[in-house]
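Have a look at the structure below, then the notes.
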Amino acid sequence: MKTARMLAIPLLLVLARVSAAAPAERPNILFIYADDQPYKTVRCYPETPDWVHTPHLDRLAEQGIRFERCYLGAWCMPSRASLLTGRLQHGIQSMTMEGTYPGSHYDPAQCPFWPAQARLQGYQTAQIGKWHTGTDAGFGRDWDFQIVWNRPAHPENAGAYYKDQILSFNGVERKVAGYSTDNYTDWAVDYIRGKDRDPNKPWYLWLCYGAIHGPTTPAERHKGALAGKTAPVPADIYGPWPDKPAYLEKTKAWMPGPDGRPARGKAGKKKGEAKPGLSYDRWVQQVNECTMALDEGVGRVLAALDESGQRGNTLVVYTADQGFGLGEHGFSIKVAPYDATISSPLIISRPGTLAQGKVCRHPVNSPDLVELFCREARIALPWKTHGRDIRPLLRDPETAAWDAPMLFTHTGRSYGAETNRIPTDNRLVDTGGVPWYAMLRQGCYKYVRTLVAGETEELYDLQADREELVNLAGKPEQRALLERLRAQTVDELRRCEAGFVDAMPPTKAMGKERP
């Protein structure tokens with residue numbers, strides 16, 4: 001049985017490997033996690049409008065490494081599941097969607113989470129904020145301390161992103177008022193300063209904000225703060241997309257507004273009619289106003305680390321579950337395989353230990369971060385993960401020697417063995433109308449294979465074409481590169497045990513070829 005092989009390493013052997021490691025002191029890990037946040041909302045990213053103000057995140061980048069691109073998941077739940085298991089979506093066994101959305105379930109015996117191993121191997125683990133990975137939030141098994149908004153357990157409360165949340169305090173539930181971003185920050189600051197934890201143990205805190213997920217609601221103190229600001233309009237906000245997959249015509253969300261600037265389309269009175277809704281500029285303003293409380297929260301938790309003398313021994317990682325399209329390629333959703341829709345901001349910092357003020361162009365994924373956490377904390381996992389050891393990038397972020405390919409898979413709401421068979425019905429597009437796909441990054445190139453028969457492949461040079469406007473897959477002079485990346489994608493899918501690898505339908509560029 002596959003799961004049995006994953007869990008085959010005896011725990012005593014795992015503990016022996018940990019005890020053999022050298023220095024006694026292991027770092028704390030503060031993992032700050034936003035929701036639906038495009039990298040274009042963090043000022044230190046060059047694509048961000050110059051009126052965006054995120055001083056605390058920018059300072060964190062100055063004290064660490066900013067990654068140009070990070071791919072953690074196509075949407076909220078699989079990104080979290082990958083960050084709990086170290087495996088890509090197709091390799092997460094027993095996770096399933098069930099009941100009223102976002103109802104979901106998993107079997108901890110088949111789907112163990114790495115914080116449970118961290119507890120067994122000397123860490124105190126804590127999670128604060130949004131929980132979106134099965135009704136079982138794992139308190140007492142994965143987490144020593146937990147204050148969570150468990151959306152799968154309370155679908156009726158699943159839209160309460162910013163106020164009146166049903167929260168579980170170490171398994172005891174009650175409804176809480178107040179702005180959620182500020183609440184989560186308050187509790188994280190208390191934890192960092194020593195409340196509810198053992199001062200003699202290193203700690204791992206996963207701080208999961210719900211912002212800036214819809215209904216994107218800024219704190220009262222920030223509402224209207226950016227009124228009147230104008231955002232650059234993406235070149236292909238209306239299309240057409242002749243060299244991209246056909247589904248983009250169905251997912252386009254924007255139309256000209258009354259003033260000629262883009263506006264999000266909304267349903268009109270007549271069937272099939274669309275009319276302009278929220279303006280593009282107001283939407284971008286609102287998203288960035290919502291980000292302001294996140295930035296303040298980052299400033300407060302970093303101050304708590306400094307004031308408590310823990311900054312030097314704490315690995316701080318800031319990221320988000322995935323990006324969110326702000327008009328690029330016509331999108332106002334996540335999921336699709338373009339950087340604007342799925343790439344997260346990522347900053348990694350530990351002053352005195354890691355490089356500072358550097359930018360890394362090499363992309364990472366969720367399993368890579370789990371691998372980093374476990375290696376830095378000297379935690380051995382008794383199952384196979386899909387991550388790469390990215391510590392060389394933290395020592396030398398600007399290295400040109402790194403060439404390890406990075407794989408990413410999107411299989412809708414299906415996980416594990418459920419992904420072995422590629423569906424041909426509506427389940428293929430059960431998340432925002434975006435079909436399943438496999439994506440590979442190597443160097444400056446991105447290859448995308450949409451798992452729809454006869455669909456075009458995609459190939460982008462992200463150094464020359466950062467906005468992914470020109471698909472190179474159909475250009476004869478790029479055929480050798482296309483074939484190499486296609487084959488490499490298949491190799492990586494095999495390495496990461498993708499059951500669907502031999503059933504992928506042929507693409508338009510491939511004709512009748514099989515992988």
Review point. Any luck finding a side-chain donor-acceptor pair between Thr133 and Arg80 under 3.5 Å?
Key: no

Practice item. Please determine which of Leu472, Thr489, Leu481 meets the side-chain contact (heavy atoms from CB on, under 4.5 Å) test together with Tyr447. Key: Thr489

Review point. To the nearest 0.5 Å, what is the distance between NZ (Lys475) and CG (Asp243)?
Key: 7.5 Å

Point to revise | Ionic contact status for Lys40 with Asp339, cut-off 4.0 Å | key: no

Review point. Judged by atom type as modelled, is there a donor-acceptor pair below 3.5 Å linking the side chain of Ser104 to the main-chain atoms of Gly134?
Key: yes

Review point. So do the side chains of Val52 and Thr41 get within less than 4.5 Å of each other, counting heavy atoms only?
Key: no

Check your understanding: What do you reckon, is CG of Asn426 surrounded by more than 12 foreign heavy atoms closer than 6.0 Å?
Key -> no

Point to revise | Polar side-chain atom of Trp254 near backbone of Phe331 as donor-acceptor pair, under 3.5 Å | key: yes

Review point. Side chains of Tyr162 and Cys290: does their closest heavy-atom pair fall under 4.5 Å?
Key: yes

Check your understanding: Could you state the interatomic distance from CD (Glu468) to CD (Glu328), rounded to the nearest 0.5 Å?
Key -> 10.0 Å

Practice item. Walk me through it: do Gln37 and Tyr318 pass the test side-chain hydrogen bond (donor to acceptor under 3.5 Å, both in side chains)? Key: CA-CA 11 Å; Gln37 185 182 17; Tyr318 181 89; 2.7 Å; yes

Practice item. May I have the step-by-step check of side-chain contact (heavy atoms from CB on, under 4.5 Å) for Gln165 and Asn183, ending in yes or no? Key: CA-CA 11 Å; Gln165 294 184 328; Asn183 287 343; 5.9 Å; no

Practice item. Could you tell me whether the side chains of Thr419 and Gln89 share a donor-acceptor contact shorter than 3.5 Å? Key: no

Practice item. Consider only side-chain N and O atoms of Glu458 and Tyr338, and report whether a donor and an acceptor are under 3.5 Å apart. Key: yes

Exercise for review: Give a yes or no on this: more than 12 heavy atoms of other residues, nucleotides or ligands lie within 6.0 Å of atom CD of Gln463.
Suggested key: no

Check your understanding: Ignoring hydrogens and geometry, is there a side-chain-to-backbone donor-acceptor pair from Glu289 to Ala225 under 3.5 Å?
Key -> yes

Point to revise | Rounded distance [0.5 Å steps], CG in Leu451 versus OG1 in Thr424 | key: 12.5 Å

Practice item. For the residue pair Val448 and Pro337, establish whether any side-chain heavy-atom pair is separated by less than 4.5 Å. Key: yes

Practice item. Without swapping roles, check the side chain of Gln146 against the backbone of Ala137 for a donor-acceptor pair under 3.5 Å. Key: yes

Check your understanding: Can you check salt bridge (charged side-chain N to carboxylate O under 4.0 Å, His left out) on Glu492 and Arg441, steps first, answer last?
Key -> CA-CA 11 Å; Glu492 283 297 294; Arg441 277 289 315 269; over 6 Å; no

Check your understanding: Hey, does the side chain of Arg264 reach the backbone of Gly327 with a donor-acceptor pair shorter than 3.5 angstrom?
Key -> no

Exercise for review: Verify the ring-centre separation between His90 and His386: is it less than 6.0 angstrom?
Suggested key: yes

Check your understanding: Any idea which heavy atoms bring Tyr280 and Arg261 closest together, and the distance?
Key -> CD2-NH2, 4.5 Å

Review point. When rounded to the nearest 0.5 angstrom, what distance separates CG in Leu248 from NE2 in His329?
Key: 8.0 Å

Check your understanding: How many angstroms lie between atom OH of Tyr71 and atom OG of Ser366, to the nearest 0.5 angstrom?
Key -> 13.0 Å

Check your understanding: Are any side-chain N or O atoms of Arg151 and backbone N or O atoms of Pro102, one a donor and one an acceptor, separated by less than 3.5 Å?
Key -> no

**Study point:** Shortest non-hydrogen contact from Ala417 toward Gln93
**Key:** N-OE1, 3.2 Å

Check your understanding: Tell me, do Pro38 and Ile212 make a side-chain contact under 4.5 Å, heavy atoms counted?
Key -> yes

Point to revise | Pairwise distance CG(Asp142) to CH2(Trp114) - rounded to 0.5 angstrom | key: 10.5 Å

**Study point:** Modelled atom types, side-chain donor and acceptor of Thr216 and Gln286, under 3.5 Å
**Key:** no

Point to revise | salt bridge (charged side-chain N to carboxylate O under 4.0 Å, His left out) between Arg494 and Asp502, worked out | key: CA-CA 9 Å; Arg494 292 196 197 286; Asp502 291 320; 3.0 Å; yes

Exercise for review: Please check if the side chain of Thr507 supplies one atom and the backbone of Thr456 the other of a donor-acceptor pair under 3.5 Å.
Suggested key: no

Review point. Taking atom types as modelled and ignoring hydrogens, do the side chains of Trp149 and Asn157 form a donor-acceptor contact shorter than 3.5 angstrom?
Key: yes

Revision key, fill the gap. Scanning both residues in full, the closest heavy-atom pair of Thr431 with Gly412 reads OG1-CA, 3.8 Å

Review point. Between Pro435 and Thr450, which heavy-atom pair has the shortest distance, and what is it?
Key: CB-CG2, 3.9 Å

Check your understanding: Looking only at side chains, do Tyr437 and Glu455 share a donor and an acceptor under 3.5 Å apart?
Key -> no

Study note, to complete from the structure: Smallest heavy-atom separation, Ala336 atom then Ile342 atom, equals O-CG2, 3.0 Å

Review point. With no hydrogens and no angle check, is any side-chain donor or acceptor of Gln442 less than 3.5 Å from a backbone partner on Asp403?
Key: yes

Practice item. For the pair Leu459 and Asn471, evaluate side-chain contact (heavy atoms from CB on, under 4.5 Å) and give the outcome as yes or no after the intermediate values. Key: CA-CA 5 Å; Leu459 174 62; Asn471 183 5; 4.3 Å; yes

**Study point:** Full working for salt bridge (charged side-chain N to carboxylate O under 4.0 Å, His left out) between Glu296 and Arg221
**Key:** CA-CA 12 Å; Glu296 290 175 354; Arg221 62 188 180 276; 2.8 Å; yes

Check your understanding: Do the rings of Phe113 and Tyr106 sit parallel, tilted or perpendicular, given the 30° and 60° boundaries?
Key -> tilted

Check your understanding: Looking at Tyr39, does the NZ or CZ of Arg69 lie under 6.0 angstrom from its six-membered ring centre and within 45 degrees of the ring axis?
Key -> yes

Exercise for review: Evaluate the criterion side-chain contact (heavy atoms from CB on, under 4.5 Å) for residue pair Thr85 and Val370; output intermediate values, then yes/no.
Suggested key: CA-CA 8 Å; Thr85 62; Val370 173; over 6 Å; no

Review point. So, does Gln322 use its side chain to make a donor-acceptor pair with the main chain of Cys76 at under 3.5 Å?
Key: yes

Review point. Once the angle between the rings of Trp75 and His132 is folded into 0 to 90°, is it parallel (under 30°), tilted (30 to 60°) or perpendicular (over 60°)?
Key: perpendicular

Exercise for review: Might you work through the side-chain contact (heavy atoms from CB on, under 4.5 Å) test for Asp35 and Tyr161, ending with a clear yes or no?
Suggested key: CA-CA 10 Å; Asp35 196 334; Tyr161 267 83; 3.7 Å; yes

Study note, to complete from the structure: Only one of Ser79, Pro78, Ser344 passes side-chain contact (heavy atoms from CB on, under 4.5 Å) with Asp321, and that residue is Ser79

Practice item. Evaluate the ring planes of Tyr33 and Phe31, with Trp represented by its six-membered ring, and classify them as parallel (under 30°), tilted (30 to 60°) or perpendicular (over 60°). Key: tilted

Exercise for review: Identify the heavy atoms of Trp131 and Val148 that sit nearest to each other, and give their distance.
Suggested key: CB-CB, 4.1 Å

Review point. Can you tell me if Thr100 uses its side chain to pair, donor with acceptor, with the backbone of Pro155 under 3.5 Å?
Key: no

Review point. Looking at side-chain heavy atoms only, is the closest gap between Glu68 and Val359 below 4.5 Å?
Key: yes

Check your understanding: Relative to each other, are the rings of His362 and Trp402 parallel, tilted or perpendicular (30° and 60° limits)?
Key -> tilted

